[in-house]
Structure formats: structure tokens, C-alpha cells
Amino acid sequence: METSTIRLPIRKLPDHLDRSRITTVLDEIEGALMDDGGVYVRAYADSMTITIEVPTDQLIDAAACLKDLGLI
């Protein structure tokens with residue numbers, strides 16, 4: 001299965017997400033994509049970026065869900 005990568009800058013996260021608790025943010029993103037979009041993803045972060053790996057055939061669903069969450 002092919003995957004695509006979505007990268008989000010941590011500094012541009014919406015205010016309702018606590019940047020100091022990035023593991024919680026990752027769990028929230030993964031959960032929302034699974035529950036709302038039906039998309040299983042893997043999310044991880046470094047000091048500046050959240051990286052979301054998504055199956056390429058579900059990329060549009062993931063993008064729509066991330067847009068609804070105000071992340072893109």
C-alpha cells in the first residue's frame with residue numbers, strides 16, 4: 001500500500017490544541033481522522049513539525065477531515 005505524507009507546522013496549530021502536550025495533540029488528530037473520516041493514519045512529531053502518514057487512496061478523505069478540524 002502506498003502512503004502519502006502530510007506535514008503541519010506545530011507553531012501554526014489552532015489555539016484550542018495545547019502545543020506543550022504534543023502527544024495528546026497527535027492522539028487527537030489520529031482519533032479524529034479515524035472517527036470522523038474513517039481514515040487510519042500514523043502521526044508523529046519532531047520539534048517543529050507534525051507528520052501524518054496516510055494511505056494514498058484515502059488522502060482526500062484525510063484532507064477533508066483535517067480541513068474540518070481547522071488544521072489545513
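- Shown here is Tyr40, whose OH atom has no more than 12 heavy atoms of other residues, nucleotides or ligands within 6.0 Å.
- For Cys65 against Ala32, the heavy-atom pair with the smallest separation is SG-O, 3.7 Å.
- The nearest pair of heavy atoms linking Gly70 to Pro14 is O-CG, 3.5 Å.
- Annotation for Val25 and Asp18: closest pair CG2-O, 3.4 Å, computed over non-hydrogen atoms.
- Summarising the geometry, atom CD1 belonging to Ile10 is positioned 8.5 Å from atom CE belonging to Met48; distances are rounded to the nearest 0.5 Å.
- Between atom NZ of residue Lys12 and atom CG of residue Leu17 there is a gap of 15.5 Å, rounded to the nearest 0.5 Å.
- We find the OG1-CD distance between Thr23 and Glu28 to be 10.0 Å, quoted to the nearest 0.5 Å.
- When all heavy atoms of Leu69 and His16 are compared, the closest pair comes out as O-CE1, 4.1 Å.
- The shortest distance between side-chain heavy atoms of Arg11 and Leu13 does not fall below 4.5 Å.
- Atom NZ of residue Lys67 and atom CD1 of residue Ile72 lie 8.0 Å apart, to the nearest 0.5 angstrom.
- What you find for Leu26 and Ala45 is that their closest heavy atoms are CD1-N, 4.0 Å.
- With rounding to the nearest 0.5 angstrom, the CG atom of Leu8 is 7.0 Å from the CD1 atom of Ile6.
- Of all the heavy atoms in Leu33 and Ala62, the pair that sits closest is CD2-O, 3.7 Å.
- Residue Arg19 qualifies as enclosed at atom CZ: its count of foreign heavy atoms under 6.0 Å is above 12.
- Heavy atoms from other residues, nucleotides or ligands lying under 6.0 Å from CG of Asp35 number more than 12.
- Between the Glu53 side chain and the Ser4 main chain, no donor and acceptor come within less than 3.5 Å of each other.
- Rounding to the nearest 0.5 Å gives a distance of 7.0 Å between CG of Leu66 and CD1 of Ile29.
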